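The next block holds one structure in the form of structure tokens; read it before the comments.
Note that the structure is predicted; figures quoted are calculated from it, not measured.
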Amino acid sequence: MADGTLIGLVTFLIVGLFLIGVPIFLVIGLWVVGVSIIIDFSLANIGVTLFQGLRFFGLLALPLFILTGDLINAAGIAKRLSDFAYSVLGWMRGGMGMATLGACGMFAAISGSNAGTTATIGSIMHPEMVKNGYDERFAAATAASGGTVGIIIPPSIIFIVYGFMMNLSISELFIAGMVPGALMVLVMMLACNWVSRRNRWGTLIPFRVGDSLRHAGKAYLGFATIGVVLYGIYSGLFSPTEAAAVTVGFTLIAGLLITREIKFRNLPAILLRSGQIAGMLAPLIAISVVMQQLLSVLGVGELLNDLLLGLGNYYLVLGICMVIILVAGMVLESLPITIILAPILAPIAQNVGVDPIHFSVIFLVGAAIGFITPPFGLNLYVASSITGIPYLRLVKYIIPYFVVLMLCWLAIALWPALSMYLVQFSG
């Protein structure tokens with residue numbers, strides 16, 4: 001039997017395992033082993049590449065930003081940011097939902113994680129939204145949608161991985177994500193306001209400058225954390241990885257000595273939770289690097305490159321790349337998508353004239369939309385987990401957010417200045 005037929009058979013069997021719920025790490029690992037045997041590729045290479053795939057200083061930021069998110073939550077800083085957002089937006093119909101989205105944006109500027117953003121802000125704001133008269137399914141969908149900006153607004157864990165894979169400046173990637181991330185929050189707020197007005201959800205509160213200033217004062221540690229990260233990186237004071245370490249130290253001190261909501265006896269549980277998440281992601285990064293290497297050996301990138309470049313049209317090629325990203329996002333998490341697809345699609349986009357930094361934003365916004373797109377939709381599963389609402393009951397309520405995010409993605413793709421304008425000042 002020909003190698004191509006055997007690889008197709010292995011791929012078919014592996015897809016079947018994925019569909020019945022086998023963890024993605026094992027699915028990719030089994031495919032890697034099977035294909036390596038078929039093409040007589042040294043199995044020793046798997047162990048070497050697994051190790052080498054994680055030997056990158058920038059990846060140290062991944063567990064550190066995960067820990068930052070857990071410390072921010074445990075220190076009560078995330079709750080203070082949410083209260084501030086509601087004090088500013090609560091006078092509008094849908095104000096608490098919009099505050100949830102705003103809080104997701106602020107939390108994303110500290111944690112860099114989509115699932116962490118959804119879980120932290122969702123657990124805080126979902127009960128409050130339900131008490132405030134919102135449909136519980138819409139409230140959960142709002143938290144899930146808000147979490148999409150977790151990988152777009154800097155510092156972003158996935159931008160770090162993308163920069164590592166494509167040899168791009170992580171600082172420039174962070175800068176490129178600022179405006180698109182803010183735009184995503186804005187369009188979701190507009191969608192929330194529109195849906196809430198139609199259903200008359202939410203209780204309005206009067207806007208008082210004094211109340212907003214008081215809540216801003218309580219949330220100063222959150223603003224200070226954001227400032228430490230952004231100023232430190234963009235002033236050149238420290239690298240993104242060093243920024244992650246500094247932020248961990250800052251939030252730990254804030255939680256222990258200032259808010260005093262973190263107790264020494266709670267630290268092992270916080271560290272364990274962060275370690276479990278990092279321990280889940282690190283093997284996935286490593287095995288995805290091996291898979292990408294095998295795809296390169298098989299010539300998948302060259303085949304797709306020849307196929308798409310033969311079309312010749314800038315917008316058609318970019319559009320097909322976006323469709324591939326979105327479809328992949330429906331069934332895979334952003335980490336394997338980035339590691340497997342970015343090295344294939346980014347050179348194709350660059351060959352038709354798309355700036356590499358601009359394409360990184362297009363790529364990751366598409367992957368982020370995949371977080372709320374069935375059948376996978378990681379953020380929907382996270383929202384379902386923290387609220388107890390079945391996954392399928394949330395799908396209907398995600399549609400308004402999905403529509404506006406798709407329009408936002410199209411605008412980001414067609415208007416490079418949204419991503420590139422600030423990058424030109426990075427020096």
Is there a side-chain contact between [X] and [Y], using heavy atoms and a 4.5 Å cut-off?
{"X": "Tyr86", "Y": "Asn132", "result": "yes"}
{"X": "Trp31", "Y": "Met291", "result": "yes"}
{"X": "Ile258", "Y": "Tyr220", "result": "yes"}
{"X": "Ile270", "Y": "Leu67", "result": "yes"}
{"X": "Ile153", "Y": "Val185", "result": "yes"}
{"X": "Phe159", "Y": "Ile151", "result": "no"}
{"X": "Leu101", "Y": "Cys192", "result": "yes"}
{"X": "Leu252", "Y": "Leu267", "result": "yes"}

Exercise: identify the closest heavy-atom pair between [X] and [Y]:
{"X": "Trp409", "Y": "Val365", "result": "CD1-CG1, 3.4 Å"}
{"X": "Thr387", "Y": "Ala383", "result": "OG1-O, 2.7 Å"}
{"X": "Ala144", "Y": "Ile398", "result": "CB-CD1, 4.3 Å"}
{"X": "Val423", "Y": "Glu172", "result": "CG2-O, 3.9 Å"}
{"X": "Ile121", "Y": "Thr100", "result": "CG2-O, 3.7 Å"}
{"X": "Ile325", "Y": "Ala367", "result": "CG2-N, 3.7 Å"}

Reported [atom1]-to-[atom2] distance for the pair [X] and [Y], which is rounded to 0.5 angstrom:
{"X": "Thr259", "Y": "Ile253", "atom1": "OG1", "atom2": "CD1", "result": "12.0 Å"}
{"X": "Ile337", "Y": "Tyr162", "atom1": "CD1", "atom2": "OH", "result": "12.5 Å"}
{"X": "Ile362", "Y": "Ile357", "atom1": "CD1", "atom2": "CD1", "result": "12.0 Å"}
{"X": "Cys321", "Y": "Leu316", "atom1": "SG", "atom2": "CG", "result": "9.5 Å"}
{"X": "Ile399", "Y": "Ser145", "atom1": "CD1", "atom2": "OG", "result": "11.0 Å"}
{"X": "Met106", "Y": "Ser82", "atom1": "CE", "atom2": "OG", "result": "7.0 Å"}

Look only at the side chain of [X] and the backbone of [Y], and say whether a donor-acceptor pair between them is shorter than 3.5 Å.
{"X": "Asn351", "Y": "Pro347", "value": "yes"}
{"X": "Asp135", "Y": "Arg137", "value": "yes"}
{"X": "Thr251", "Y": "Val248", "value": "yes"}
{"X": "Asn199", "Y": "Val195", "value": "yes"}
{"X": "Ser419", "Y": "His358", "value": "no"}

Tell me whether [X] at atom [atom1] has more than 12 heavy atoms from other residues, nucleotides or ligands lying less than 6.0 Å away.
{"X": "Tyr231", "atom1": "OH", "answer": "no"}
{"X": "Arg198", "atom1": "CZ", "answer": "no"}
{"X": "Tyr314", "atom1": "OH", "answer": "yes"}

Note to self: With side-chain contact (heavy atoms from CB on, under 4.5 Å) as the criterion, how do His215 and Arg80 come out once you've worked through the C-alpha distance, each side chain's angles and the decisive distance to 0.1 Å?
What the structure shows: CA-CA 7 Å; His215 284 292; Arg80 290 167 168 80; over 6 Å; no
Note to self: With side-chain contact (heavy atoms from CB on, under 4.5 Å) as the criterion, how do Leu64 and Thr247 come out once you've worked through the C-alpha distance, each side chain's angles and the decisive distance to 0.1 Å?
What the structure shows: CA-CA 8 Å; Leu64 292 172; Thr247 307; over 6 Å; no
Checklist line | Audit row: Met129, Glu136, side-chain contact (heavy atoms from CB on, under 4.5 Å) steps and yes/no | finding: CA-CA 8 Å; Met129 287 184 68; Glu136 64 173 0; over 6 Å; no
Notebook entry, point to check: Are the aromatic rings of Tyr401 and Phe138 close, with centres under 6.0 Å apart?
Noted result: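 Yes, the ring of Tyr401 comes within the 6.0 Å limit of the ring of Phe138, centre to centre.
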Note to self: I'd like to know if Asp211 pairs up with Arg214 as an ion pair, taking the criterion as any Lys NZ or Arg NE/NH1/NH2 lying under 4.0 Å from an Asp or Glu carboxylate oxygen.
What the structure shows: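 Yes, this pair counts.
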Notebook entry, point to check: Is any NZ, NE, NH1 or NH2 atom of the basic residue among Lys79 and Glu261 found under 4.0 Å from an Asp or Glu carboxylate oxygen of the other?
Noted result: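 Here Lys79 does not pair with Glu261 in a salt bridge, since their nearest N and O are not under 4.0 Å apart.
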Check: How far apart are the C-alpha atoms of Leu407 and Val187, what are their side-chain angles, what is the distance that settles it, and do they pass the side-chain contact (heavy atoms from CB on, under 4.5 Å) test?
Finding: CA-CA 9 Å; Leu407 293 173; Val187 298; over 6 Å; no
Note to self: Using the side chain to side chain contact (heavy atoms under 4.5 Å, CB included) definition, which of the options Leu405, Leu394, Val395 pairs with Ile372?
What the structure shows: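 The option that passes is Leu405.
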